[in-house]
Q: 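Below: one structure in structure tokens.
Lettering follows sequence order; numbering is per chain, from 1. All values below come from the heavy atoms of this structure, side chains included, with hydrogens, waters and symmetry mates left out. Note that the coordinates shown come from a computational prediction; the quantities given were computed from them, not determined experimentally.
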8 protein chains.
Amino acid sequence: MRPEDIESLLESVRDGRLTPLVAMETLRTLPFREAAGILADTHRLLRQGFVEAVFAEGKTHQQVADALKVLFDSQGAAVATRVDLSCGETLFGRFPEGVYDSTSRVFSIGRFPSRSTKLEIGVISAGTSDMPVAEEAARILEFSGWTVNRIQDVGVAGLHRILGKLEELRSCAVLIVVAGMEGALPGVVGGLVGCPVIAVPTSVGYGVGQNGYAALLTMLTTCASGVCVMNIDNGYGAAVAAQRILNGLSGE
Amino acid sequence: MRPEDIESLLESVRDGRLTPLVAMETLRTLPFREAAGILADTHRLLRQGFVEAVFAEGKTHQQVADALKVLFDSQGAAVATRVDLSCGETLFGRFPEGVYDSTSRVFSIGRFPSRSTKLEIGVISAGTSDMPVAEEAARILEFSGWTVNRIQDVGVAGLHRILGKLEELRSCAVLIVVAGMEGALPGVVGGLVGCPVIAVPTSVGYGVGQNGYAALLTMLTTCASGVCVMNIDNGYGAAVAAQRILNGLSGE
Amino acid sequence: MRPEDIESLLESVRDGRLTPLVAMETLRTLPFREAAGILADTHRLLRQGFVEAVFAEGKTHQQVADALKVLFDSQGAAVATRVDLSCGETLFGRFPEGVYDSTSRVFSIGRFPSRSTKLEIGVISAGTSDMPVAEEAARILEFSGWTVNRIQDVGVAGLHRILGKLEELRSCAVLIVVAGMEGALPGVVGGLVGCPVIAVPTSVGYGVGQNGYAALLTMLTTCASGVCVMNIDNGYGAAVAAQRILNGLSGE
Amino acid sequence: MRPEDIESLLESVRDGRLTPLVAMETLRTLPFREAAGILADTHRLLRQGFVEAVFAEGKTHQQVADALKVLFDSQGAAVATRVDLSCGETLFGRFPEGVYDSTSRVFSIGRFPSRSTKLEIGVISAGTSDMPVAEEAARILEFSGWTVNRIQDVGVAGLHRILGKLEELRSCAVLIVVAGMEGALPGVVGGLVGCPVIAVPTSVGYGVGQNGYAALLTMLTTCASGVCVMNIDNGYGAAVAAQRILNGLSGE
Amino acid sequence: MRPEDIESLLESVRDGRLTPLVAMETLRTLPFREAAGILADTHRLLRQGFVEAVFAEGKTHQQVADALKVLFDSQGAAVATRVDLSCGETLFGRFPEGVYDSTSRVFSIGRFPSRSTKLEIGVISAGTSDMPVAEEAARILEFSGWTVNRIQDVGVAGLHRILGKLEELRSCAVLIVVAGMEGALPGVVGGLVGCPVIAVPTSVGYGVGQNGYAALLTMLTTCASGVCVMNIDNGYGAAVAAQRILNGLSGE
Amino acid sequence: MRPEDIESLLESVRDGRLTPLVAMETLRTLPFREAAGILADTHRLLRQGFVEAVFAEGKTHQQVADALKVLFDSQGAAVATRVDLSCGETLFGRFPEGVYDSTSRVFSIGRFPSRSTKLEIGVISAGTSDMPVAEEAARILEFSGWTVNRIQDVGVAGLHRILGKLEELRSCAVLIVVAGMEGALPGVVGGLVGCPVIAVPTSVGYGVGQNGYAALLTMLTTCASGVCVMNIDNGYGAAVAAQRILNGLSGE
Amino acid sequence: MRPEDIESLLESVRDGRLTPLVAMETLRTLPFREAAGILADTHRLLRQGFVEAVFAEGKTHQQVADALKVLFDSQGAAVATRVDLSCGETLFGRFPEGVYDSTSRVFSIGRFPSRSTKLEIGVISAGTSDMPVAEEAARILEFSGWTVNRIQDVGVAGLHRILGKLEELRSCAVLIVVAGMEGALPGVVGGLVGCPVIAVPTSVGYGVGQNGYAALLTMLTTCASGVCVMNIDNGYGAAVAAQRILNGLSGE
Amino acid sequence: MRPEDIESLLESVRDGRLTPLVAMETLRTLPFREAAGILADTHRLLRQGFVEAVFAEGKTHQQVADALKVLFDSQGAAVATRVDLSCGETLFGRFPEGVYDSTSRVFSIGRFPSRSTKLEIGVISAGTSDMPVAEEAARILEFSGWTVNRIQDVGVAGLHRILGKLEELRSCAVLIVVAGMEGALPGVVGGLVGCPVIAVPTSVGYGVGQNGYAALLTMLTTCASGVCVMNIDNGYGAAVAAQRILNGLSGE
């Protein structure tokens with residue numbers, strides 16, 4: 001209910017077209033409709049600045065497909081994450097125009113128009129095993145219209161690798177740094193650049209590194225100031241965090 | 001060693017003013033001087049965009065004072081965090097022009113010139129016990145020249161409190177959201193706004209919430225997409241993470 | 001041995017029909033029969049107010065079926081929880097009148113007569129992945145004769161969803177609130193209503209939310225006062241906790 | 001703004017006493033006042049059914065005293081929890097009519113009128129070391145006008161102790177069961193009675209029982225169905241949980 | 001109520017001295033008095049075979065002194081554990097005949113008559129820092145009338161030390177093995193002897209060994225079969241566990 | 001080499017039947033054989049008092065079968081634990097006289113002669129899901145020649161069940177008490193009897209009880225004195241711990 | 001670019017064969033090539049002293065095979081670890097000259113020339129289940145040209161086993177000690193020898209020993225001084241740690 | 001007992017100077033005397049290659065002083081670690097020739113003669129707060145006669161610092177790398193050098209880095225191969241681990 005609606009409702013009361021009691025009934029639910037107004041914000045891409053994805057894990061193929069359909073119908077493009085191979089095949093059957101990437105487990109239908117071409121997002125991964133998470137972030141960003149620069153296999157055990165990419169790192173507007181095992185890469189990168197650094201621990205590892213906690217703790221405690229951290233394996237979240245920043249940078 | 005230095009060195013060789021062997025000796029340490037050049041980046045405020053603070057915990061009063069002196073001499077302003085009352089008194093004795101805030105435990109000498117006045121940073125805290133961490137973030141930002149909007153005591157147990165601040169939240173460029181105990185506030189805020197949200201868990205709580213882990217886990221797992229998280233009680237880090245974003249937004 | 005039995009035994013002694021020694025032999029086992037009397041309390045629905053269910057996990061199909069049979073014979077209705085598909089099929093073969101719900105994994109035979117129709121129990125779930133646990137609670141309550149109001153997919157990342165259900169929440173006598181990942185929903189609900197709120201964390205999630213501990217800690221530390229918590233995934237327990245309350249409210 | 005206020009405003013519009021524009025100005029702030037109306041719910045004892053307490057831990061003496069003053073002025077009675085000896089003395093100096101109990105660390109000024117005298121709440125503690133938490137619960141309940149039956153030192157290592165109290169247990173409307181170390185008492189009690197059982201683990205113990213986690217896990221996993229659990233040492237929360245139930249039972 | 005009491009009650013009924021109704025009233029509370037009979041078992045040394053001690057931690061000096069008085073009056077000897085220096089002085093003031101040992105923090109008044117002199121209990125400690133816990137066990141055993149053989153400072157880092165004591169180990173009826181840090185001693189001892197081995201981890205250590213968990217886990221996972229484990233620092237419990245075994249061995 | 005062998009060798013030297021050099025050759029390996037003599041202790045049933053079992057988990061079928069063969073050849077009977085169905089079939093093929101029990105996963109060939117018939121060991125389990133662990137303990141004891149009294153399904157949620165077995169409990173020389181989930185049974189039993197109580201937590205449970213840690217912590221912190229604890233699911237270890245005690249009791 | 005290259009470049013400038021501008025262009029990329037020079041260190045066997053292996057876990061068969069090919073081409077031999085059976089078959093198909101060991105899951109092609117034959121590395125394992133990790137270490141060492149002495153099944157539960165190997169232990173230059181469950185073996189070995197001891201916990205175990213943490217904690221807290229520890233199951237790392245030491249010892 | 005002793009004993013038997021029974025008594029304790037021979041190894045500096053220190057934590061001043069006296073008398077020099085200020089003063093009173101360093105908390109009397117002067121040990125610390133642990137390692141090494149090169153404040157957040165020390169790092173025979181918080185330094189160093197790297201996590205940090213676990217996990221999971229790890233804060237252990245290596249390198 002917009003201000004003009006309220007005004008028109010009040011005029012109806014004044015004009016005797018509505019009794020106060022009926023008008024009050026309408027106004028009674030006003031707070032919650034306003035609250036429902038918050039919903040519109042959340043869902044509308046243009047105002048919030050980032051797309052909603054379907055999280056496929058723990059949903060049936062049917063549920064994922066239905067959710068994609070709803071999002072596609074309202075947005076003209078839709079994406080799902082954590083889509084395993086079997087689910088990917090089902091989705092492909094239903095949306096032949098879709099694209100499934102088995103590394104990142106991302107299934108997308110269409111994509112959003114390109115955003116600011118001046119802003120590049122670096123998606124950096126420490127090892128090849130971290131690529132699924134890094135790719136999830138990269139593909140969500142590309143699906144949303146942003147330009148991604150992938151920098152792979154630059155773990156700190158061979159410092160020359162990351163040092164050799166210094167100029168590339170410094171030309172990015174935002175860096176997403178993905179690492180498993182010891183998870184030291186985001187801290188090293190954070191000490192080299194001044195732009196926002198979003199660290200994503202992965203569950204890649206064994207022994208005490210088995211589920212990503214070692215990498216998570218390293219990233220939270222890094223001495224490089226101002227590195228912020230996502231949940232383990234949360235490439236999608238990193239992509240959204242980047243977009244929260246990019247929207248401001250691109251003036252949108 | 002800057003490019004012009006190398007060029008002048010090579011001209012000296014060409015002109016016979018330097019033998020190749022002496023020049024080589026100079027060039028031999030070049031990579032490390034270049035590496036040392038990275039240092040300059042880190043330390044120089046204008047290029048990296050955020051100030052270095054002295055972390056006082058675990059240092060002697062003398063060590064903190066000396067470090068402040070060095071930073072002040074090079075930057076014209078300096079700040080220390082985690083300064084307890086006793087240390088604060090020592091610092092005050094040495095730097096009478098300094099300001100000590102016992103809530104945030106921040107000691108600052110001077111401050112940096114104001115930055116972009118259009119960009120406001122919201123520092124939101126769930127309860128009064130979370131104020132020390134929130135204030136650490138706020139004061140570091142103010143010391144660095146940014147404008148802070150403090151929004152306090154808006155925990156999710158009384159939703160009306162945060163809902164009543166919706167417009168203020170939406171006018172901020174970046175939000176730092178500080179909460180202990182259950183730590184649910186950043187997720188709720190993240191669902192209401194589209195700007196960057198930096199979550200800081202605090203060690204405020206008792207029982208299973210005693211050391212901030214409950215709040216940390218809540219923030220890492222929040223369903224609101226793109227909320228990024230700092231270490232427990234790391235108000236300073238949140239302030240730097242905000243500045244990494246703000247530098248881009250302010251075109252610096 | 002009931003009081004009247006003891007009285008009649010004592011009268012037999014008085015009347016000389018039993019010698020004290022023989023009577024004592026009878027009384028000798030009294031304490032343990034009395035102890036056994038506690039058992040009757042536990043098992044008798046009318047006095048304790050809630051039904052016993054068969055927990056199928058870790059039992060053979062045969063064991064589950066046999067336990068259901070015993071309960072059915074004594075209660076006229078019986079229910080099992082955590083019944084996987086394969087076990088459900090076995091049970092269906094043996095009890096063709098039974099009903100199996102694959103989402104909640106509940107298998108029930110018959111149901112108890114309706115209880116107080118004025119009292120409604122709200123079963124609220126944060127996301128679709130939390131439905132199995134929510135449904136376990138809802139179906140146990142319905143099996144026991146209570147009226148359930150399901151409110152689904154109202155997680156806190158979109159506050160409008162739960163705010164839009166405020167009136168429904170306030171019309172319930174008891175609320176069971178089920179959530180995984182960050183588990184913030186029960187605290188938000190607890191701040192909105194004054195009735196009993198029973199929080200159930202689920203094992204839905206990934207990374208640090210993988211097994212439900214993040215949700216559990218959030219619920220235990222929530223700033224909304226008086227929210228009480230069940231074990232992770234314990235929908236059945238929440239239903240029984242609700243019945244402990246409802247029995248008092250319904251005057252039974 | 002209450003429904004009757006809106007109704008009267010609408011009547012003013014109908015009657016021409018207010019122009020629609022002026023009325024709209026008044027209604028414009030409605031959503032947030034309504035949101036603020038949620039706040040009133042929280043604070044108003046008569047509607048929500050339980051009082052708000054000041055949590056003194058981590059607050060200055062001044063902050064606690066000020067908060068008590070505000071609550072006392074609006075409610076005619078006020079209470080603070082986790083008040084240490086030193087803070088208690090400060091409060092006593094400011095509120096000479098107050099009562100401080102050093103075991104429970106509760107400071108109260110006045111108390112609420114007695115509620116239903118038919119409903120008795122059992123507060124049961126396993127050992128003498130658990131008494132501070134049990135007393136916090138008991139005193140909050142008594143302050144709120146309820147009748148408490150304390151049953152102390154009935155840990156499961158000597159079963160006769162709790163069995164000897166069986167009749168007392170069964171005459172209570174709600175049971176709060178407080179235990180540290182192994183925390184087995186709530187499960188045993190839950191198997192003996194059909195009324196609501198609220199379990200509170202305490203941080204009493206040593207070795208693996210040092211911080212209350214052993215007791216918490218025991219209570220969450222108890223085989224006695226429908227026992228619900230509070231955070232460690234959260235006696236206040238248990239008292240509020242009990243009141244959420246009692247309000248229904250007392251018809252308020 | 002003992003069997004003879006029941007018999008005499010029944011005879012009173014037979015003889016007309018008691019009406020059945022009055023007798024039934026007496027019998028009505030029988031189960032709980034019987035339950036109370038369990039209590040007597042617990043407290044009576046001669047039947048249960050081990051003494052009850054006062055656990056002083058978390059109790060006031062007054063409470064400890066009172067509890068000691070009650071036990072002393074009923075047993076002719078009494079003992080308290082976890083008595084810190086200050087409490088020890090208070091107790092000494094009240095019980096001048098008592099003995100306080102500051103290493104084990106045990107305060108005892110009198111002692112029980114010697115038990116079987118053939119059975120020796122070995123109390124073995126890995127390092128000098130483990131002595132407080134070992135001494136608690138040893139002194140409780142000696143207070144209870146048993147003979148203790150202390151074997152100290154025989155940690156596995158110098159195997160010759162424990163191997164040099166092999167004959168002593170093998171002459172003991174029961175071994176209590178106390179160790180902190182890595183806690184490997186009980187496993188090594190368990191592989192060398194066939195008698196019962198009771199392992200007690202201590203909270204002695206630093207780093208990952210800081211609270212005794214490393215030692216606890218080592219003892220629980222030891223490859224030496226049949227070693228059983230007590231809570232961290234639970235020397236008293238080990239002494240009671242030993243007495244449960246010794247009572248059988250001594251034919252009592 | 002047994003003591004009598006050494007004596008006879010020395011007599012051969014004295015009598016000139018062996019030269020010192022030849023004897024020394026024999027003795028040369030003595031330390032290691034003596035060391036090996038420790039091994040013999042371990043392996044020889046008559047001296048150590050309990051049998052060695054093959055732990056099948058993580059071994060190939062072939063390795064398990066070979067180890068059984070070696071033990072059978074030296075002892076006349078042999079037993080393996082943690083034998084899954086597939087391995088059990090392999091063993092059955094090789095040792096047709098063997099017995100495989102799929103509940104306890106124990107495979108045994110032959111058994112040891114009966115020991116003292118006066119001593120009965122109680123193996124008590126809280127729920128039917130705990131039976132695999134309880135049966136492992138019971139079958140190892142029976143294989144070793146001891147008499148077992150199984151008491152099943154007597155969890156503390158229905159106290160009458162364990163109270164009804166009080167006389168049986170008290171007639172046992174040693175009690176092994178097996179429980180998962182909350183693990184409260186050993187503490188309750190320990191408060192009822194004076195004999196040795198060996199507690200075994202099982203990994204039966206879900207949520208926070210999922211892997212047996214809740215039960216383990218409960219058992220370690222139980223207020224019933226002198227209850228000692230085994231590793232989670234370690235039924236075999238409990239059986240050996242019992243035998244360490246029983247050997248003393250039976251005078252062997 | 002090697003020092004001699006720089007010297008020759010400078011001489012060209014002096015001699016007028018290169019203009020300073022052209023030379024500067026060459027030198028411009030120097031820092032990063034130097035950084036790349038660090039890479040060469042890492043990869044070049046002769047300078048760093050140990051080979052790089054392909055970690056197959058989490059890589060596709062294709063990725064493993066390709067990486068092996070690259071290493072083989074540059075080193076003349078190559079090795080992969082954590083190769084499961086299926087991957088091993090694929091590799092065997094591509095590299096028929098390769099050797100696959102299913103216990104250690106190591107796949108190797110060729111091997112490096114023998115190193116110092118005087119230096120022997122002891123690889124000691126506590127139990128047969130620890131062999132996969134021990135073999136990984138042993139085979140990596142042999143592949144790298146070192147001589148390994150395997151000492152197996154010498155766990156501390158039977159001390160004679162490790163004591164009987166004392167001379168062998170003392171003849172080794174470095175000891176790698178592998179153990180699961182309680183992990184006490186490295187501490188015992190560390191107390192017996194003066195050479196470097198590298199401890200490797202394995203994930204072999206059950207209950208609290210299930211994932212190797214118990215063994216890890218034991219090794220980190222061992223009272224035997226100077227034992228250093230690798231990640232759980234990290235046999236490869238232990239082999240490299242040994243080579244870091246051996247390179248110095250062999251004078252390479 | 002050496003072979004020649006056994007031969008002479010056998011000759012005594014042959015010659016009738018000893019009876020077989022007396023000889024057997026001598027041989028009976030042979031294994032354990034041999035075992036006792038292990039002791040000498042452990043304690044004798046010249047054979048084991050590193051000195052024993054007194055660990056002062058948890059010992060009385062008297063116990064520390066006595067232990068130092070014993071070591072000094074046998075070795076001509078002695079050292080204690082973890083000596084707090086108060087204990088240091090006591091020791092200084094008793095050993096005026098001693099040296100106490102309050103940073104490392106090391107108290108030493110005399111020192112051992114210089115060892116190989118060619119071998120330098122690098123002791124590297126990430127931050128100034130890590131210096132107490134680094135100094136403990138350095139001073140133990142210097143006390144033992146080795147040459148230490150301290151490299152301080154070279155944490156990875158400013159890579160130039162450690163890169164600037166590359167040549168120094170490469171000239172060391174062994175590196176001890178000490179770091180708290182994120183603990184990433186040892187991995188970075190391990191990737192830069194080929195010599196043995198001993199990582200020591202410190203308990204310096206806050207939030208999730210509070211007790212050193214984050215640093216420990218990082219070090220255990222580092223991708224730089226062959227880095228081995230000590231317990232948290234175990235500077236002494238690192239010094240001994242270094243000496244185990246150095247003894248071999250120096251040919252001792």
Q: Under the criterion side-chain contact (heavy atoms from CB on, under 4.5 Å), I'd like the reasoning laid out for H:Arg244 against G:Val197: C-alpha separation, chi angles, the key distance, then a yes or no.
A: CA-CA 8 Å; H:Arg244 287 179 181 265; G:Val197 175; 3.7 Å; yes

Q: Atom CG of G:Leu216 and atom CG of H:Leu216: how far apart are they, to the nearest 0.5 Å?
A: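 Between G:Leu216 CG and H:Leu216 CG, I get 6.5 Å after rounding to 0.5 Å.
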
Q: Does any backbone or side-chain atom of H:Ile245 lie under 4.5 Å from a heavy atom of chain G? Answer side chain, backbone, both or neither.
A: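 Both backbone and side chain.
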
Q: To the closest 0.5 Å, what do you measure between OG (H:Ser225) and CG (G:Asn234)?
A: 7.5 Å

Q: Going by ring pair (Phe, Tyr, Trp, His ring centres under 6.0 Å), name the residues that satisfy it together with G:Tyr213, two or more places apart in sequence or in a different chain.
A: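 With sequence neighbours excluded, G:Tyr213 shows a ring pair (Phe, Tyr, Trp, His ring centres under 6.0 Å) to no residue whatsoever.
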
Q: Write out all pairs satisfying side-chain hydrogen bond (donor to acceptor under 3.5 Å, both in side chains) with one or both partners inside residues 187-198 of chain G, taking only residues at least two apart or from two chains.
A: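 Residue pairs with at least one partner in residues 187-198 of chain G: there are none.
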
Q: Taking side chain as everything from C-beta outward and backbone as N, CA, C, O, which of these in H:Ile232 sits under 4.5 Å from a heavy atom of chain G? Side chain, backbone, both or neither.
A: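 For H:Ile232, there is no contact with chain G at all, as no heavy atom is under 4.5 Å.
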
Q: To the closest 0.5 Å, what do you measure between CG (H:Leu220) and CG (G:Leu220)?
A: 6.0 Å

Q: Need one label for H:Val174: side chain, backbone, both or neither, based on atoms under 4.5 Å from any heavy atom in chain G.
A: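 Neither; nothing under 4.5 Å.
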
Q: Report which part of H:Phe55 has an atom under 4.5 Å of a heavy atom belonging to chain G: side chain, backbone, both, or neither.
A: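 It is neither, since no heavy atom gets under 4.5 Å.
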
